[in-house]
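The structure follows.
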There are 2 protein chains.
Amino acid sequence: MSAIADVARLAGVAKATASRALSGRGYVSEATRLRVVAAAREIGYVASPNAASLVTGRTKNVGVIIPFISRWFFSEVLESLEQALLAEGYDMTLYNLPAASAERDSVFEYFLARKRFDGVISVGVALSEAEVDRLHRLGRPLIGIGGPIRDVHTIAIDDVATARLATEHLLGLGHVDVVHVGGDPIDEMDFRVHSQRLSGFYSAMRDAGRSTDRCFYPCEFSMPGGYEVGLSVLGDPRTRPTAIFAASDEIAIGVIVAARELGIQVPAELSVIGIDGHPYADMFRLTTLEQHPRRQGRLAVSALLTELARPTDADARLEEDGYLTVLPTNLVIRSSTSGPHRPRS
Amino acid sequence: MSAIADVARLAGVAKATASRALSGRGYVSEATRLRVVAAAREIGYVASPNAASLVTGRTKNVGVIIPFISRWFFSEVLESLEQALLAEGYDMTLYNLPAASAERDSVFEYFLARKRFDGVISVGVALSEAEVDRLHRLGRPLIGIGGPIRDVHTIAIDDVATARLATEHLLGLGHVDVVHVGGDPIDEMDFRVHSQRLSGFYSAMRDAGRSTDRCFYPCEFSMPGGYEVGLSVLGDPRTRPTAIFAASDEIAIGVIVAARELGIQVPAELSVIGIDGHPYADMFRLTTLEQHPRRQGRLAVSALLTELARPTDADARLEEDGYLTVLPTNLVIRSSTSGPHRPRS
DNA sequence: TTGAAAGCGCTAACAA
DNA sequence: TTGTTAGCGCTTTCAA
């Protein structure tokens, strides 16, 4: 393939001049710039990013570590990251990080150690202390999405507050029997979303003077998970709640499917609220709190670019703008969430 | 950071020897190899992939181009690709390729032209002639998933045959009023899945002596798309079909949700069959044909590695093993798909 | 079996 | 404003 030397020769300039003309760094007269660009175009020159990286240390590539790719929130974030990075001329290398395992270690020990990126965006991964240290030692900016990482600027929603909001919404409608269906705090591997959303729920309940006994049902964090628990929670008409706060829209939808299968009208007889702003919300008449994954992705990219542009004094940087950007969630009533159908208290 | 020179110095050998010892290429005595490895480990040496690529031309990176990331089939493929590549020591760089657009062009003109990969896997993208040429001119192996690409080894299912199978299954149950809900052939941008599945449906119907009038309903290729069309197709009890073949499980689920909302029992009163093997199939009592996305991903990676290992005579290579690996689909009855509830003919 | 030297393609000092 | 020179960190002839 053609090298920059070919371009230089064709344009009648030195390699360095050609380099300056094409990269835009350094002074070049407009006339020669044009000549060089024309020459490059003529022979279809594309710079070797390897050679450039070798000398500059910059790769024009960003690494993204993410624990799932098919869950709605994650795939949305991923797509927005890819688009935002592409627009800035960055490649995106994806590292699907499983829970603690040999592959996970290999990502850190081998793949991330190669440092083929200018920065890293960590999406919804709860990193161990050792992993955070390792990442910091790479000497590359790191931005988080979805939960706090030590000394790292993170974009996230406030899970506790959001869960409170959702619960208060149901309480405000006059519901007495409100339960929470969510991920089990025992096996949460992402941030502590499971326990945070649970605790937001509990505190809203307590503040409203409600008992918190027997009103949390753990489930697998997915639509089938919500379905399964929905069947059992709603199975007995005598103990059936009138409102359910689900930790995610996917869980909520599972619950709704179960409810309908049991002959319960949703939303007429049962109010369900979720978190996410999932595109299926409409067809299931689901009320939800939008979590704006794409906006989180875009913000993460711009935060990363900002750090990339700055001098490398990490400490000063962090003191300056703090660690956390918290996005507000907003309630979207996809249907008329209703009050209790058969108040029982 | 430490360079190979440091390792060499510490081990008391030349750079070249250290390189041979660490990369495994070339003769090194076992004794020195051990010494070099120990030295490398001691100072935490990690080779610079850039420098290595610069001289070898190999990047240990694979580019993946894909049009969607949140549709089930695509996210499954993506996850399996990532895992298979990681296991082989390859990074995966993701290019989310939109329909014809400026960004799409930029992916080809700029990002792919940089050639930061040893090979490319194209997932479900219908490439234009010009794009295929461009890809071939990169001089890197290319493997496809999901549909034929000129001169490229592709992993796929047979969409026509699969659609036939699904339709025949419904016909075999005794259904008379069978319709197809699927993507509109007009706006298909991926391969021709929409029209292929439609034509498989038509030919099965014709072979069974059925009329093909008014039995195809185009919809957006998603769950809400199926829902919307489901509502209208099933809305009128007088013209309601007894069985529906949906082009994908997501569409099928949308149809089922619509049916249940209209008070139709599924599967008792309406049989629905889809394609994909979606994990939600169970909870919606959906019969489906598995399309094994993860297996397709793994096969694509191994095909790519094979090409990577071979001498570079592309023509010989293709003649040898043909262009297409067609995976069999298998019918999974997630529930007792039933015969017609109220035969009307 | 090992070492010395050349060079992959580029950018960044420095000099002109 | 441009050219010359010196590497970035590695692999790979070729010679010892």
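All chains are named by letter (A, B, ...) in the order of the sequence lines, taking the proteins before the strands, and each is independently numbered beginning at 1.
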Interface with DNA chain C, restricted to residues 22-30 of chain B and to heavy atoms under 4.0 Å: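 Contacts with DNA chain C under 4.0 Å: B/Tyr27, B/Val28, B/Ser29.
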d(NZ, B/Lys60; P, D/dC10) in whole Å: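 Between P of D/dC10 and NZ of B/Lys60: 17 Å.
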Axial cation check for B/Phe68 ring with B/Arg71, 6.0 Å and 45° limits: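 B/Arg71 over B/Phe68 ring: yes.
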NZ on A/Lys60 to CZ on B/Arg116, rounded to 0.5 Å: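 If I round to the nearest 0.5 Å, the distance is 9.5 Å.
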Lys NZ or Arg CZ of A/Arg114 over A/Tyr110 ring: under 6.0 Å, within 45°: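 So A/Arg114 does make the cation-pi contact.
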Interatomic distance where CZ belongs to B/Arg35 and P belongs to C/dT1 [whole Å]: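 So the two atoms are 14 Å apart, to the nearest Å.
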Gap between atoms CZ and C1', on A/Arg9 and D/dG3 respectively (whole Å):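 Taking atom C1' of D/dG3 as the reference, CZ of A/Arg9 is at 16 Å.
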Sidechain-backbone polar pair: A/Thr59 side chain, A/Ser53 backbone, donor-acceptor under 3.5 Å: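 No, the answer is negative, given that no donor and acceptor are paired below the 3.5 Å cut-off.
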Plane angle bin for A/Tyr95 and A/Phe117 - parallel if under 30°, tilted between 30 and 60°, otherwise perpendicular: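 It falls in the perpendicular class, over 60°.
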Distances for protein N/O vs nucleotides 4-9 of chain D N/O pairs under 3.5 angstrom?
unit_1	atom_1	unit_2	atom_2	d
D/dG9	N2	B/Ala51	O	3.3

Backbone N/O of B/Ala3 and side chain of B/Asp6: donor-acceptor pair under 3.5 Å: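 Checked: pair present.
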Expected output: side-chain B/Thr17 to main-chain B/Val13 donor-acceptor under 3.5 Å: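 Between the backbone of B/Val13 and the side chain of B/Thr17 there is no qualifying donor-acceptor contact (under 3.5 Å).
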Face-on cation placement of A/Arg104 at A/Phe108 ring, 6.0 Å and 45° thresholds: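 No, A/Arg104 does not sit over the ring of A/Phe108.
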Contact under 4.0 Å: A/Thr56 side-chain N or O vs C/dC10 OP1/OP2: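 False: A/Thr56 side-chain N/O out of range (4.0 Å or more) of C/dC10 OP1/OP2.
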Sugar-phosphate, base or nothing in reach of A/Ser53, heavy atoms under 4.0 Å: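 No contact.
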